Trainee: 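Have a look at this one before I ask anything.
First the proteins, then the strands, lettered A, B, ... as listed; each starts at 1. Note that the structure is a prediction, hence the values are computed from the model and not measured.
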Amino acid sequence: MNAEAEVLFFGNLTEVTGESSIRLWDVEDTDSVEQIVLNRYPELRKQMYLIALDRQLIHTNRLLKNNHTIAFMPPFSGG
Amino acid sequence: MNAEAEVLFFGNLTEVTGESSIRLWDVEDTDSVEQIVLNRYPELRKQMYLIALDRQLIHTNRLLKNNHTIAFMPPFSGG
Amino acid sequence: MRRSLFIQGPISVAFISAQIRKHQFKTNIGAHQIFLGQVRADQTDHGKISGIEYTAYESMALECIKKIKEDLFEKYPIRCMHVYHSLGMVKTGGCSLFIFVSAAHSEAAYLACQELLARVKKELPIWGKEIVDKVGYQWKLNPANANVL
Amino acid sequence: MRRSLFIQGPISVAFISAQIRKHQFKTNIGAHQIFLGQVRADQTDHGKISGIEYTAYESMALECIKKIKEDLFEKYPIRCMHVYHSLGMVKTGGCSLFIFVSAAHSEAAYLACQELLARVKKELPIWGKEIVDKVGYQWKLNPANANVL
């Protein structure tokens, strides 16, 4: 059984996507989520971004189990 | 012609000397001032102190010219 | 005690004063180290900055700051640690970041304050949109985070 | 602009706030680093400290702080530097030292603040008489200055 994912966009990425969140069904892992997102918003390929799975930064592919939140985030600039 | 010196005492040293300043006439250098002071207040020998000549710390003997201020100061404890 | 991280708009001097005053009742504290981040009117290629509009991934930021605080309390002999960051618009001259670290002695307060500041800038998912008077805005970039990818 | 070093009695939060507020009009400043020294109610062999009474060799201290400021302004890209120290009695919880350093960027403010604090403690001819509730008092000693002689 594949998973559901809420995908969030932050900072200047929202200007590329035009929305701050989308919902994906039947996704297997974070790599496949990234592929779907990049296909839907090809302009994202030109952007720098980090990915967080359930509020934790990830740097490699992760399998998804049921309900997850996946965030696409530009470099942080707080302070 | 020898010099005059105003000698100042600070912090806990004033408890040993019982006064915060004395005036010396006809002194030649800072070593002689220190000798006079230690002879007058022998208890000072047991105290840690620094010496400032005209508001500058000194660590070796200095000749005195005319009017000077010589301060006997315990270790600083500001802050 | 309110433990929130985010404050809507600029952080007021009244708020900062209240924090300082509150800690004067803790007589085992000998040193407070305070950092205030203030929005600069920098001149950029696109015009002069008139303010920064901050957004954040709030739930992730709250988890991050909790972890950072735990790390620092374990690492340094400090008594109190508070950090507040603005959300929304902060005009130039306004305070957007307030860090307050207290300890018995200055060394621990100083080191923890500096490490907290570095980690806030590097690890908290917060973004600043620099509003410039001519073209409208550009996105802020922390130099240290430019090559994270 | 008043440039005095010494303040009679504890340094009030109102005074600290006024300083912060004043610097919000300087929009080339991005970072304020503030250090506050607060009198602790330490337990000593002679009883619990209820306050510290500060005295100083004022004219020498003013010459020293002037030199320290010149050194630091030359060494770091900072915009403002202020330091205030109490004279006379400061009860526990009261603030006896207020250091305020501002710069465009946090790093310079941070380093200059720390160096200023270290030099104030080490180089300024100021003495603290710790008032203890039982025997009356003992003289404060900064650990780093214990073996200067």
Trainee: Quick check on C:C113 against chain D: is it the side chain, the backbone, both or neither that has a heavy atom closer than 4.5 Å?
Mentor: side chain

Trainee: Please verify the inter-ring angle class for C:H23 with C:H32; under 30° counts as parallel, over 60° as perpendicular, anything in between as tilted.
Mentor: perpendicular

Trainee: Quick check on C:A109 against chain D: is it the side chain, the backbone, both or neither that has a heavy atom closer than 4.5 Å?
Mentor: neither

Trainee: If you tally heavy-atom pairs under 4.5 Å against chain C, which of D:A41, D:A14, D:G30, D:S17 wins?
Mentor: D:G30

Trainee: Going by the angle between their ring planes, with limits at 30° and 60°, are D:Y84 and D:H82 parallel, tilted or perpendicular?
Mentor: parallel

Trainee: Please walk me through it: do D:H85 and D:I126 pass side chain to side chain contact (heavy atoms under 4.5 Å, CB included)?
Mentor: CA-CA 9 Å; D:H85 198 294; D:I126 300 174; 3.6 Å; yes

Trainee: Working note: C:R40 + D:H105, criterion side chain to side chain contact (heavy atoms under 4.5 Å, CB included); need CA distance, chi angles, decisive distance, verdict.
Mentor: CA-CA 10 Å; C:R40 286 193 313 276; D:H105 301 283; 3.4 Å; yes

Trainee: For salt bridge (charged side-chain N to carboxylate O under 4.0 Å, His left out), just list the numbers for D:K67 and D:E63, CA-CA rounded to whole Å, side-chain angles, deciding distance to a tenth of an Å, and then say yes or no.
Mentor: CA-CA 6 Å; D:K67 176 70 173 59; D:E63 286 185 15; over 6 Å; no

Trainee: Output the option from D:E107, D:K121, D:Q24 having the highest count of non-hydrogen pairs under 4.5 Å with chain C.
Mentor: D:Q24

Trainee: Heavy-atom pairs under 4.5 Å with chain D: which of C:I20, C:L97, C:V39 has the most?
Mentor: C:I20

Trainee: Tell me, out of D:S12, D:G37, D:A104, D:A118, who's got the most heavy-atom pairs with chain C below 4.5 Å.
Mentor: D:A104

Trainee: Below 4.5 Å, heavy-atom pairs only: which of C:N28, C:I34, C:I16 has the largest tally toward chain D?
Mentor: C:I34

Trainee: C:L124 and C:C64: which non-hydrogen atoms are nearest, and at how many Å?
Mentor: CD2-CB, 3.4 Å

Trainee: What option among C:T92, C:I29, C:D42 has the most heavy-atom pairs under 4.5 Å with chain D?
Mentor: C:I29

Trainee: Carefully, step by step, assess D:K75 and D:L111 under the rule side chain to side chain contact (heavy atoms under 4.5 Å, CB included).
Mentor: CA-CA 10 Å; D:K75 186 166 174 187; D:L111 292 173; over 6 Å; no

Trainee: Between D:I49 and chain C, with a heavy-atom cut-off of 4.5 Å, which part of the residue counts as in contact: side chain, backbone, both or neither?
Mentor: neither

